[in-house]
2 protein chains.
Amino acid sequence: MARGSTRPTSRDVAQAAGVSQAAVSLVLGDKWRGRVSEPTARRVREAASELGYRPNLAARNLRLGRTRTVLLVVPALTTEFFAEVYTGAARVAAEHGFGVVLYPSPEGVGPARDPFASAQAALDGVIASSMAADALTAIRGDQLPLVMLDSDPEGSLGAATVNLDIADGIRQVTEHLLSLGHRSFLHLAADIPSWTFEVRARELATRLADAPGTELRTIRAPISIEGALNATEAALAAPGPRPTALVCDDDKLAAGAYKAVRRAGLRVPDDLSVTGLDDLGLATAIDPELTTVRLDAEAFGERGMRALLAVLEGRPPEKGDLPVSLVVRGSTTAPR
Amino acid sequence: MARGSTRPTSRDVAQAAGVSQAAVSLVLGDKWRGRVSEPTARRVREAASELGYRPNLAARNLRLGRTRTVLLVVPALTTEFFAEVYTGAARVAAEHGFGVVLYPSPEGVGPARDPFASAQAALDGVIASSMAADALTAIRGDQLPLVMLDSDPEGSLGAATVNLDIADGIRQVTEHLLSLGHRSFLHLAADIPSWTFEVRARELATRLADAPGTELRTIRAPISIEGALNATEAALAAPGPRPTALVCDDDKLAAGAYKAVRRAGLRVPDDLSVTGLDDLGLATAIDPELTTVRLDAEAFGERGMRALLAVLEGRPPEKGDLPVSLVVRGSTTAPR
DNA sequence: CAGCGAACGTTATACGTAACACTTGCTCGA
DNA sequence: TCGAGCAAGTGTTACGTATAACGTTCGCTG
């Protein structure tokens, strides 16, 4: 956008090159083949770089009615997971001449009157994590093309969805723990209403229902080390037999659980096997390293962007969930 | 931006309300006091909400030559530090009717032809971390008002700077370790060329030069757990007396160092005291909890945004560095 | 030599908004 | 009685761009 001293416009370039503004637009828009001669085109390009011309994107957007910019709505950026999702989405976008702008639903900022008042400056579409669902009504109001990440394929009001195969990840975790001999499970669940967490709870319950002689308890905590610490500490202090396996909804919760285990004078994995989900850097920073489910966040972002491009072009988006894989490290072992 | 079936414009609203487009603009722009009657204003507002009218921001931006949107340029979002900076900046921005858009210099995406081709859709100014300096030339080319975060106040080409008092943090770390009795120091430095890291090295060297009988070695690593692990492992395996204190450029490096210490069969803090810098969630997730320097990332973002607003309004930005504080936890103790 | 495409441009227009410059009717004070 | 002043609007314009529609000049073919 302009400074105090206004920037050169395409008309200024035209004047400098001795051509019409339309010719400038043609040359700089790379639509001049067969319409403008090579020498003239060169003159235009030289004049443009001479003046330091930058097209006014607001004007371009207005004219074209499209911006080649999409919005990625994510929950507060407190883990690197969504940073990687962004990276993947941005790469695919760049390959198609699109840009990606990030909208972290601002924690503590309080919902702006209209969360998109400014970011929506110019958007062709939106990719939104189901964890930032509160912003969704505003988006739907805008009727923008929408792709949901990790969201219920049924309940998404017809929006395209791109999902990680979380259920399969939980299945692998469960089978791993069962095969080690665990029978008494504790589920440390995130207390955020989001489809991605519902899937974890449902799959875990289903699998254990199929395994005779198992039992499952569930506790909830906000996704933070502090929250997980408190919830786990309370659960460990509860009367009755201690569970031998703790399945956490994500790695951060697992890190909090580690602290609770230490405080209780117990050890991971000897007294309690712990699993996470995400495979963030955190998973290998803690001791022992965490057995967790590896999610390919970058691929997730790439897939999300490709789906949005498909929607924009009226094509059907790719189907099928993205595969995940169990990474076995030192935080799980056979129960004593 | 518009869907296939075009969105209603202010003219459509005007027609529905039986007034002119100008009146709609006045009412919705809240500039109607004394120009439009209360009942008419109400009719306009009702028609607008009836039709689901949303102003076309591209048109507004073009008309006004300003967007009330600023760009926050950060290095790859691999820690929560910049997430908090964003939160602070976004809060202040919202209070002034501005929006903030994030531009994480995309790791592995490769510099777009013009890094701002799309994000710059409409920007009034830029806040940039000195750690993302590669993008800077492009910004300067745009001549946008600029505020630099953690950057050399001298060498910033006249751009306003907002700095954390990192030097004071390192001073506090050094005094803490000296008072515990440490004399042999190792500095695990980030191998990124950025002013904020130069300050750490300089201050540490200066302080130790003033303390008789001390020695200092420096090793470098990329900011990742893996990188820090490798560099520290090599240093610990080197011949000669082992240092007793390891000063890390940030918490993530410290987490990597922990792993190297464990692999060497040593323990923190008994065999080696370790300090970090940032006070991320990671600092309390690892065991023992990390003695580190607390940076108020949110305040940093707030200050940055306020500085940019000042520049935009032609006022001089606030001076003075933001204070930081040492947080002593379990990773430091007296040398044996 | 009529006529017909290329080649090389130009002119004109619209995108949707905000704001300036007007108009019209009324009230009110001198 | 008359004009100043105000309320309550409307008409028009410009922001900078991309493109559809329109000329003009050639060279060439039949």
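By convention in this document, chain letters (A, B, ...) are assigned in the order of the sequence lines, proteins followed by strands, and residues within each chain are numbered from 1.
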When A:Glu38 is tested against each of A:Arg43, A:Arg33, A:Arg45 for salt bridge (charged side-chain N to carboxylate O under 4.0 Å, His left out), which residue passes?
A:Arg45

Distance, rounded to the nearest Å, where [X] contributes [atom1] and [N] contributes [atom2]:
| X | N | atom1 | atom2 | value |
| --- | --- | --- | --- | --- |
| B:Gln21 | D:dA14 | CD | P | 15 Å |
| A:Leu28 | C:dG9 | CG | C1' | 16 Å |
| B:Trp32 | C:dA19 | CH2 | P | 17 Å |
| B:Arg66 | C:dA19 | CZ | C1' | 12 Å |
| B:Arg33 | D:dC6 | CZ | P | 17 Å |

When all nucleic acid strands are considered with a 4.0 Å heavy-atom cut-off, which category describes A:Arg35: base, sugar-phosphate, or nothing?
base

On the nucleotide [N], are OP1 or OP2 found under 4.0 Å from the side-chain N or O atoms that [X] carries?
| X | N | value |
| --- | --- | --- |
| A:Ser20 | C:dT11 | no |
| B:Ser10 | C:dG16 | no |
| A:Thr9 | D:dG16 | no |
| A:Thr40 | C:dC8 | no |
| A:Ser25 | D:dT17 | no |

For the side chain of [X], counting heavy atoms from C-beta on, which of [options] is nearest?
| X | options | value |
| --- | --- | --- |
| B:Pro55 | D:dT10, C:dT10, C:dT17 | C:dT17 |
| B:Leu62 | D:dA8, C:dT10, D:dC15 | D:dC15 |
| B:Asn56 | C:dT17, C:dG9, D:dT10 | C:dT17 |

Tell me if a side-chain donor or acceptor on A:Arg7 pairs with a main-chain N or O of A:Gly52 at a distance below 3.5 Å.
no

May I ask you to decide if A:Ser194's main-chain N or O and A:Ser130's side chain share a donor-acceptor pair within less than 3.5 Å?
no

Of all the heavy-atom pairs spanning A:Val74 and A:Leu102, show the shortest one and how long it is.
CG1-CD1, 4.5 Å

Non-hydrogen atoms of B:Phe300 and B:Leu149 that approach each other most closely:
CZ-CB, 3.8 Å

Of B:Val36 and A:Leu64, whose nearest nucleotide on DNA chain D comes first from the 5' end?
B:Val36

